[in-house]
Structures are given as C-alpha cells and as structure tokens.
Amino acid sequence: MKLHIAFKILAILLVFFTLSAGLLVDVPALNILNETIRNLFFHVTSWFAMVFLFIASFTYSIRYLRTGSPADDLRARVFVETGMIFGAAGLVTGMLWANFTWGSYWVPDPKLNGAAIALLAYLAYGVLRNSLQDSIQRAKVSAVYNVFAFVMMVLFIFILPRMTDSLHPGNGGNPAFSSYDLDDNMRLVFYPAIIGWILLGLWMTEIRIRIANLKKT
Amino acid sequence: MKAWISTLTLMLLFLSSFAQSAEMADQMRADGKIYVVVGVLILIFAVLFTYLIFLDMRLRKVEKENEQA
C-alpha cells in the first residue's frame, strides 16, 4: 500500500485546520455541554477514523480469504492495530468528556459498554494472532475472526445502543446528529476533521506496512 | 560584542516601552487567550508531523538501499 504524498500533505493541513478552527469557530451555546461541544471535532472523529480503518481491515480480510495473499493478511493486521489506537483515543476522550457532562467517567450505558466490548473483540484479534504458530493457519483463522469482530463492532456500537435508551447522543431512537445541534459552522469543521484524522490513520498504517515489508526482505 | 548586546537590549527596551503605553491589536490576548492554546496545539502537532515526515523519509531511504542490495 502506497499513500500518495498529496494525501499526506492534505492530512497535515486538515489536522491543523481542525485544531485551530475547532477551538475558534462559533458553536451553539448549550447548557451542560458548554464549550465541550467542541469535542465533537476530536472525540467523535476519532471513532469515525477507527470505523474507517476497521472497514479497511475487514475488506482486506475478506480479500485474503479469496486470494490467500500474505500481503492482504498483513494489511488486515496493521489496519486493526492502527484502528485500535483511534478506538482507544475515542474511549479515553469519551470518558473525560463524560465526567464533565454526565458526572462520571463511566456510566452503565449501552453505547459505552458496547464500545468497550467492540474494542475487546478487536483486542482478542491480536491475542488470537499471537497464539497461532503456523503463518498460513494464523492468517486464515484471524481473517475469519476479523469478519466476526467487525460484525460484533457494528452490532455493539451502532445497532444495540439504538434499540434501547442511551445517554449518548445519536442513540435511543435518535438520528445520529440532531441532538448535537450541529449547525453549519460546526459542519464546516466536522467533515474536514473526519477526513483529516482518517488520512492520518492511513499514513500511520502505510508506515507500519512498509516497515513490515522491510523486515520480510 | 558587548556594545552590540547592550545596543540590542536598549532597542528592545525602547520597543517594549511602546508596547506598554499604546493599545495594540494583540490577537493573542483576546477572547480569553484561546489563541495561545491554539498556538500550543499547532506547535505540538508541528513537531509530531515533522517527526512523522522524517520517519517517512528515513524509511524511504532504507527501502531504496534494500532495493539496490
């Protein structure tokens, strides 16, 4: 996988745009949320980046099962690893945000528990990989498990929280963004922010894949 | 050399006395100094990205050496 230099430059520009515009743009003044509404540009976009990287990993796992190419197995593995970094960032930033808006670092909420279970499912992917010695067997078993982990992630983060009541915005029957009062100003930062963090994740993944390829030769 | 430094210091003192007496358009002190936070974030990420770019370049070098070998 080669990421064109234009995308790397775009990643830098968009992240800088997010950092400055994210703090300076006019946001709706809401009770309880106050200025923390700006976390939308950092916390929510972390999860978007994670989901994107996990989708990429899922795709490469499916491709591995069709082609049997070790390169696809490697990509699936590295995409899970970088996705986990963004997932961990999303979880930790969410805990900090929750403490100052809901009054506790962790509340027994379907969205929060679901996110934790989803991350544990992907953690198990790494454990599974390390427990298998034979490289072909490891690639096959972990590709199948990765498909399962992806389904679990979608189920626990996107479906189950919407079927019950949840404190977290975008759940309990709510459409995803209306409760944020996302106005045009915020959209102007939110969408570039998503692209920026995703591109940064792709760049990190690319570097790790290149290192792994060097190690092989 | 010493005269140089003292001249420079005097010039800076002279300039700073202007800054104190007159109201200047100082963005960094406006809006609860949020621009300072933005500046800090930009600096940190500038360092991180510089590191990432150097890492990328060094990796490319090793890749090229590897191809030749």
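The chains referred to below are lettered A, B, ... by the order of the sequence lines, with proteins before strands, and numbering in each begins at 1. Every value quoted in this text rests on a predicted model; they were computed, and no experiment measured them.
Other residues, nucleotides and ligands contribute over 12 non-hydrogen atoms within 6.0 Å of the NZ atom of A:Lys2. A 6.0 Å sphere centred on NZ of B:Lys64 holds no more than 12 heavy atoms belonging to other residues, nucleotides or ligands. By the neighbour-count criterion of 12 heavy atoms within 6.0 Å, atom CD of A:Gln133 is sparsely surrounded, having that number or fewer from other residues, nucleotides or ligands. Other residues, nucleotides and ligands contribute at most 12 non-hydrogen atoms within 6.0 Å of the CZ atom of A:Phe7.
The structure places CG of B:Leu55 at 4.5 Å from CD1 of A:Ile207, a figure rounded to the nearest 0.5 Å. Atoms CZ and CG, from A:Arg210 and B:Asn66 in turn, are 12.0 Å apart once rounded to the nearest 0.5 Å. Taking OG1 of A:Thr18 as the reference point, atom CZ of B:Phe45 lies at 9.5 Å (rounded to 0.5 Å). If you take CZ on B:Phe49 and CG on A:Leu13, they are separated by 9.0 Å, rounding to the nearest 0.5 Å.
Of all heavy-atom pairs spanning A:Leu23 and B:Leu41, the tightest one is CD1-CD1, 3.7 Å. Contact detail for B:Ile42 and A:Phe16: the closest heavy-atom pair is O-CE2, 3.5 Å.
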Inset, instruction - Starting from the C-alpha separation in whole Å, work towards a yes-or-no answer on side chain to side chain contact (heavy atoms under 4.5 Å, CB included) for B:Leu52 and A:Ile12. - result: CA-CA 10 Å; B:Leu52 199 59; A:Ile12 295 174; over 6 Å; no
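With contacts defined as side-chain heavy-atom distances shorter than 4.5 Å, the pair A:Glu206/B:Asp56 qualifies.
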